Number of protein chains: 2
Amino acid sequence: MKNSIDHKSPVPLHIQAETALRELIASEEYRNGKTLPNEVEMAKMMAISRTTLRQAINKLVFEGLLVRKKRKGTTVADNAVSSRSNNWLSFSQEMKLRGITIKNFEFHVTWVFPDDALANFFDISKDRQVLKMERVRGRPEEPFVYFASYFHPRIGLTGDEDFKRPLYELLEQDYSVIATLSKEEISAKGADPFIAEKLRIAADSPVLLRKRFVFDQGDRPIEYNLGYYKAGSFVYTVESRRE
Amino acid sequence: MKNSIDHKSPVPLHIQAETALRELIASEEYRNGKTLPNEVEMAKMMAISRTTLRQAINKLVFEGLLVRKKRKGTTVADNAVSSRSNNWLSFSQEMKLRGITIKNFEFHVTWVFPDDALANFFDISKDRQVLKMERVRGRPEEPFVYFASYFHPRIGLTGDEDFKRPLYELLEQDYSVIATLSKEEISAKGADPFIAEKLRIAADSPVLLRKRFVFDQGDRPIEYNLGYYKAGSFVYTVESRRE
DNA sequence: ATAATCAATATGTACAAACATATTAATATT
DNA sequence: AATATTAATATGTTTGTACATATTGATTAT
């Protein structure tokens with residue numbers, strides 16, 4: 001990385017520093033526990049003040065990507081992929097943040113009739129078809145999550161949309177649907193044969209099941225999402241404070 | 001709030017400022033959209049530098065509690081009291097709510113040396129002993145959760161306390177320790193032989209692992225809690241709202 | 001009256017300079 | 001050899017200062 005900072009650029013130095021750090025984080029060596037250069041040195045390398053550098057580091061520490069230790073230095077957090085409850089990062093963003101490149105394969109879109117639970121959640125009759133989207137993500141030889149999403153017919157999705165775009169961007173820009181509320185249920189269970197096959201694991205292996213009920217501004221249901229994560233590949237983090 | 005900052009206190013000024021701001025945020029007027037005093041003024045009021053004040057504000061902005069606007073000023077975010085619905089119910093309360101009656105059996109208290117992770121979290125050296133409390137809950141013939149709790153030596157627990165009382169009540173009333181912040185990590189994994197035996201299930205059966213890091217008002221670590229739930233016996237629910 | 005200009009005001013960015021503190025590692029002391 | 005002291009080194013805290021930038025509101029020119 002050395003001197004990736006451009007003092008003439010209109011983008012703020014601490015933002016540039018942040019970006020540079022994100023690249024470092026993505027790199028193999030630093031993700032394996034190697035402590036990054038100390039602040040004074042780094043600041044010198046980047047030719048910015050320590051205060052400015054610290055501004056960048058702080059942000060990443062807050063995001064949980066970096067960990068500081070008194071005399072030891074700063075290192076990349078070793079957590080697996082985690083999700084912060086409060087921020088609304090999309091899946092792809094979350095991953096990019098950590099420098100993990102993942103592919104979307106086994107992408108599949110169909111129309112299906114809802115079961116009781118889904119019809120109930122969407123508040124529609126069981127003969128109304130809904131769009132179902134299935135995805136397997138990870139590296140093809142080592143997938144780590146299987147998603148099944150169902151979208152409320154009210155939205156008007158046809159199934160021909162460009163699903164390579166971030167989902168919530170698509171909904172917001174093309175359909176004026178803004179996801180604002182999400183209720184999640186997280187539990188553990190054994191993989192049934194179907195899921196086991198999708199994730200390339202043995203049946204009954206432990207998986208984390210994450211159900212998401214997504215609502216728009218008017219608290220109307222818009223999406224029902226099931227995510228089956230291979231054990232160990234996903235840690236759900238929640239922070240709560242009482243007054 | 002005016003001058004709630006004590007320059008002689010050992011607690012850092014920006015932390016004190018943060019606390020003061022949290023109080024402001026909690027107050028009725030500011031939650032109704034009133035913009036708080038501008039930075040220069042506030043800094044003067046608190047008798048700290050603007051930089052230090054900004055450190056505090058930044059944290060709260062990161063947390064999504066405050067919103068800054070260029071010429072307008074800083075205001076409390078609409079969703080401010082957001083993470084409230086997050087359960088600060090104690091375990092027993094939670095269960096009573098669900099109409100489940102459970103027993104506490106295999107209750108066990110010991111002193112142990114912390115491993116790296118624990119020593120690190122508690123910020124103590126590895127030769128400091130900590131109090132460990134183990135519990136199995138459920139019906140004896142069908143347990144559904146195994147807990148292991150570790151308490152920070154700073155609290156002063158002796159191990160002879162009446163642990164039949166609700167834990168947080170005991171800490172609050174007898175030790176003036178008030179749990180305010182909790183960070184949880186939820187993941188799925190296969191039960192190792194020890195856990196499998198405790199829960200009366202086969203090894204490698206799926207369990208939900210819930211790690212809780214509990215902090216007091218000053219963000220000091222007070223408890224580390226591991227809960228292994230038999231698959232299907234526990235569903236973790238989270239609600240989050242944006243904007 | 002409307003549009004363009006300018007000033008005021010808030011946050012945003014950036015630096016340099018100290019001193020504090022915790023922890024490890026080296027050294028000296030018992 | 002075990003313990004206490006000290007030094008080195010990293011992050012942590014805090015201030016003072018300066019200029020940049022975006023936006024609102026008032027002023028001025030069309």
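In this text the structure is predicted, and so the values were computed from the model without any measurement. Letters A, B, ... are given to chains in the order of the sequence lines, protein chains preceding strands, and every chain is numbered from 1.
For B:Arg71, there are no side chain to side chain donor-acceptor pair (under 3.5 Å) partners at least two apart in sequence or on another chain. With sequence neighbours excluded, no residue forms a salt bridge (Lys or Arg N to Asp or Glu O under 4.0 Å) with B:Lys189. Evaluation of the side chain to side chain contact (heavy atoms under 4.5 Å, CB included) rule for B:Glu41 yields B:Pro37, B:Asn38 as partners, not counting sequence neighbours. Qualifying side chain to side chain contact (heavy atoms under 4.5 Å, CB included) partners for B:Thr75, counting only residues two or more places apart in sequence or in other chains: B:Thr35, B:Val67. Applying the salt bridge (Lys or Arg N to Asp or Glu O under 4.0 Å) test to A:Lys34 and every residue at least two apart in sequence or in another chain returns A:Glu29. Every side chain to side chain contact (heavy atoms under 4.5 Å, CB included) that B:Asp160 has, sequence neighbours left out, goes to B:Thr158. Taking the salt bridge (Lys or Arg N to Asp or Glu O under 4.0 Å) definition, one finds that A:Lys59 meets it with A:Glu18, sequence neighbours left out.
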Protein-proximity profile, nucleotides 11-19 of chain C, B/S/- by nucleotide at the 4.0 Å heavy-atom cutoff, equals BBBSBB-B-
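Mapping heavy-atom proximity under 4.0 Å, the span of DNA chain D touched by chain B runs 5' to 3' from D:dT13 to D:dT24.
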